[in-house]
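All of these numbers come straight from a predicted model, not from anything done at the bench. Residues: numbered from 1 along the sequence shown.
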Amino acid sequence: MNGYMGKVLMVDLSQETITTKEIPQNWYEDFLGGEGLGVRLFYDHMDPNRDALDPKTPVIFATGPLNGTSAPEGGRLVLVFRSPATGTLGLTNVGGHFAPALKKAGYDLLLVIGKASKPVWLRIKDDQVSLEDATALWGQCVSPTEEFIKKDLGAKAQVISIGPAGENLVNFSCLMTHKHRSAGRGGGGALFGSKNLKAVGVIGTQDVKVADPEKLKAASKRSREEIDAEAFTSGLLKPFGTPGFYNSISATGTLPTKNWQRTTYPESHEVLGHEAYHKTLEVKSYACAQCYIACGRKTTIKEGPYAGESGGGPEYETLGAFGSKCLINDVSAVAKLGYDCNELGLDTISAGQVLATAMEWYDRGILTKENTDDIEITWGNVPAALKIVKKMAYREGIGDLLADGSKKAAEKLGGDAIDYAFHVKGLEMASCGVRASKGEAVVHAVSPRGADHLRPYASVVDAFGYLDEELGITEKQNPLDDDNKGWVKPLQELSMATNLLGACLFASICLAVKGNTWASLYTSVTGRALSLEDLLKAAERVINMERMINFRFGFNRKDDKLPKRLLQEPAVDGVGEGQVVDMEKVLDSYYKAMGWDIATGIPKPEKLEELNLDWMI
């Protein structure tokens, strides 16, 4: 079967069984691959009454049809689970080289359930699959774990593992590959930890068959040309990586600063922006599998107390999380915090936001030295930040409270602590503001995994002014308008399409690679004719399927809301000065465009029937 391997690898850790199963053909037709296949498989194994960390809760690895081919940007892996942070559908996405390796081992999907009686790691070498003792690895950080598995399986092995944070069931622990590439959001690391699963190592040696190599070559050439033609992607993302976003986002009034008290941070541009980043740190770029952009950055700290330390990043989100949100105006210190999070297996987005919230709690007297292990969690305090990060990973002292995430920590503290916790459904918000981008406000609120900035990155249209004729976005959108959010729908579908194909969103985050080009890449790989309309319809189908799964978990319109400050406190600076978010207007407009019930936010039966999802009614 062109573009696919046709099988799911099923691993039951409790029973110590390893089997394979064929994937129904109609699943490929309806959901294409990647996140679509993963979520469809999850549906068959979910139980709304089952806790996220119940042994029977599955963790699913999903590859897409572009993985393992020569298609540009086709190196992404999606993981699907129930999030311990939110109780919602957990969805996270990571680059590196793991997805093509799993695909070439012969599997489109990997499903893991159960709990091992002792720590184990899963060894995959094509059809030779086994569970190996990981007792000696338990307690180890990410780098030594990955190095051990590569020594056992081979230097070309691709590894996903957890650090101490996952073992200690931290709600924002993540899964790491290439030592610093993070499947970060939603607490997937805690799922591994709860199953006594330390890591998965894979080597795949099979070829992924392609229907029309010449057409694939032509479509790939077009995608690269579109990347080169887009000024931001070619002029900032390629040469500077994601730190290239920093100054631009601040300029649009969408850079959360001092725990969302401000929306711009111009005084930090010369110390945290991409020019300072590349001057202060020793920087080497690298690419994930099949990548033409190569936004990855490996860095070494050149001077100061952390001189000589090295690792991956920091990415833009880490700069925002620990930099602007916490007022840490030192790119070397932010890099050190990012390195530590990577080794411990912590999501830097949540870790930085939890720290920023703790700093405001401390500033307001909600936390004091008496209940913070004598640590002064003051704004910009780097030594305190480093201590807190480690304490969260090991659940020590104040870290045990914070390891549950800002929402649950606020609920335990009581009083007005919740007013300074920036989350949606329990997942911390990223460094993408919403009062000067009302499109981003709706995206954060309705995302199936909780607060999300990339489903889609709506600021690219309303805050940055991008248009896309293929998507029907032909007029400039007012970033301060709470109404008229119908344009979010096609943009959201394009973003989801990349997750179905196994492709990197950064190729289309600024609308560089067009939807028709993605459809052409899919068609040339699989041999199945797919139009842009078909591609967006498949994406819409998955978006609605995810919404229905969350409905089964108890979520509806009441949960699509933003923190109090963003709804009631007008922005004090930037493009959105004086603005708050009118959540009711934002949601009404979006739900109408989606074909969802205005009162509940649930897809209407006729919408599900239109999408061939009537079996979910």
Side-chain angles (χ1 to χ4, degrees), residues 8-19 42 45-47 50-61 77 79-85 90 92 94 98 102 107 109-125 128-153 157-177 179 182-184 186-202 343-347 392-396 400 403-404:
V8 51
L9 177 63
M10 317 273 287
V11 179
D12 187 327
L13 299 173
S14 298
Q15 301 299 320
E16 297 183 353
T17 58
I18 298 169
T19 58
F42 178 87
H45 290 265
M46 64 174 271
D47 180 346
R50 187 184 296 146
D51 184 77
L53 298 183
D54 186 290
K56 292 183 180 179
T57 299
V59 178
I60 297 168
F61 296 63
L77 176 78
L79 289 107
V80 183
F81 48 92
R82 188 171 189 184
S83 168
T92 189
V94 67
F98 191 96
L102 182 61
Y107 312 105
L109 299 170
L110 163 63
L111 177 144
V112 180
I113 60 172
K115 179 178 182 178
S117 59
K118 62 181 180 181
V120 297
W121 66 276
L122 180 61
R123 188 181 197 274
I124 305 171
K125 188 171 185 180
Q128 301 173 35
V129 185
S130 60
L131 293 170
E132 306 291 336
D133 188 359
T135 304
L137 294 175
W138 208 252
Q140 294 290 317
C141 286
V142 167
S143 287
T145 298
E146 185 165 319
E147 289 162 5
F148 175 91
I149 291 173
K150 286 195 170 189
K151 186 176 180 180
D152 178 280
L153 191 51
Q158 300 304 316
V159 182
I160 281 184
S161 65
I162 61 171
E167 297 172 4
N168 292 314
L169 309 184
V170 175
N171 273 348
F172 46 92
S173 56
C174 55
L175 300 159
M176 303 297 299
T177 186
K179 299 181 180 179
S182 168
L191 266 289
F192 264 43
S194 71
K195 295 179 181 301
N196 276 337
L197 180 61
K198 181 65 174 176
V200 178
V202 59
E343 279 300 301
L344 294 166
L346 288 170
D347 171 16
M392 289 191 295
Y394 288 98
R395 285 190 172 270
E396 296 174 346
D400 188 43
D404 283 335

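- We find the NZ-OG1 distance between Lys179 and Thr145 to be 10.5 Å, quoted to the nearest 0.5 Å.
- The minimum heavy-atom distance linking Pro58 with Phe42 is given by the pair CG-CD1, 3.8 Å.
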Using side chain to side chain contact (heavy atoms under 4.5 Å, CB included), reason through Ile124 and Tyr107 one step at a time and then give a plain yes or no. CA-CA 10 Å; Ile124 305 171; Tyr107 312 105; 4.0 Å; yes

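- Within the 4.5 Å cutoff, the side chain of Glu132 has no heavy atoms near those of the Asp152 side chain.
- Looking only at side-chain heavy atoms (C-beta outward), Asn196 and Leu13 stay at 4.5 Å or farther from each other.
- To the nearest 0.5 Å, atom CG of residue Leu137 and atom CD1 of residue Ile149 are 6.0 Å apart.
- Note: Lys195 NZ to Ile162 CD1 = 12.0 Å, rounded to the nearest 0.5 Å.
- A side-chain donor-acceptor contact under 3.5 Å links Thr57 to the backbone of Asp51.
- Counting heavy atoms from C-beta outward, Leu77 and Phe61 have side chains that approach closer than 4.5 Å.
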Given the rule in the side chain to side chain contact (heavy atoms under 4.5 Å, CB included) test, do Phe192 and Val112 qualify, once you have shown the distances and angles that lead to the verdict? CA-CA 9 Å; Phe192 264 43; Val112 180; over 6 Å; no

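- The line from CG of Leu109 to CG of Leu102 is 8.5 Å long, rounded to the nearest 0.5 Å.
- Across every non-hydrogen atom of Lys118 and Thr135, the tightest pair is CD-OG1, 4.3 Å.
- Looking at Val200 and Trp121, their side chains never come closer than 4.5 Å, going by heavy atoms from C-beta outward.
- Ser83 places a side-chain N or O within 3.5 Å of a backbone atom of Gly186 that can act as its donor or acceptor partner.
- Residues Arg50 and Arg82 come closest through the heavy atom pair O-NH1, 2.9 Å.
- Under the 3.5 Å distance criterion, the side-chain polar atoms of Glu167 are left unmatched by any main-chain donor or acceptor of Gly193.
- Using modelled atom types, no side-chain atom of Asn168 and backbone atom of Val170 make a donor-acceptor pair closer than 3.5 Å.
- Side chain of Arg123 to backbone of Gln128: no donor-acceptor contact under 3.5 angstrom is found.
- Two residues are said to be in side-chain contact when any heavy atoms from C-beta on lie closer than 4.5 Å; Glu16 and Ser130 fail this criterion.
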Going through the checks in order, is the side chain to side chain contact (heavy atoms under 4.5 Å, CB included) test met by Leu111 and Val59? CA-CA 6 Å; Leu111 177 144; Val59 178; over 6 Å; no

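- Summarising the geometry of Gly114 relative to Ser14, their closest heavy-atom pair is CA-OG, 3.2 Å, with the distance given to 0.1 Å.
- Val142 has its side chain within reach of Met176: a pair of non-hydrogen atoms, C-beta onward, lies under 4.5 Å apart.
- A distance of 10.5 Å separates CG in Leu175 from CG in Asp347, rounded to the nearest 0.5 Å.
- Using a distance-only test at 3.5 Å, with no hydrogens or angles considered, a donor-acceptor pair links the side chain of Arg395 to the main chain of Leu169.
- The shortest side-chain heavy-atom distance between Glu146 and Phe148 does not fall under the 4.5 Å cut-off.
- Ion pair Asp133/Lys198 not flagged as a salt bridge, since none of the NZ, NE, NH1 or NH2 atoms sits closer than 4.0 Å to an Asp/Glu carboxylate oxygen.
- Counting heavy atoms from C-beta outward, Val159 and Lys150 have side chains that approach closer than 4.5 Å.
- Under the 3.5 Å distance criterion, the side-chain polar atoms of Ser173 are left unmatched by any main-chain donor or acceptor of Leu346.
- In this structure, the side chain of Thr92 engages the main chain of Gly184 through a donor-acceptor pair within 3.5 Å.
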Are Ser143 and Glu343 close enough, and set up right, to give a side chain to side chain contact (heavy atoms under 4.5 Å, CB included), and what steps lead you there? CA-CA 7 Å; Ser143 287; Glu343 279 300 301; 2.5 Å; yes

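- Across every non-hydrogen atom of Trp138 and Pro119, the tightest pair is CE3-CB, 3.5 Å.
- Put simply, CG on Leu122 and CG on Leu110 are 6.0 Å apart, with the number rounded to the nearest 0.5 Å.
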For side-chain hydrogen bond (donor to acceptor under 3.5 Å, both in side chains), just list the numbers for Thr177 and Gln158, CA-CA rounded to whole Å, side-chain angles, deciding distance to a tenth of an Å, and then say yes or no. CA-CA 7 Å; Thr177 186; Gln158 300 304 316; 4.9 Å; no

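- Taking every heavy atom of both residues into account, Val120 and Ala134 meet most closely at C-CB, 3.4 Å.
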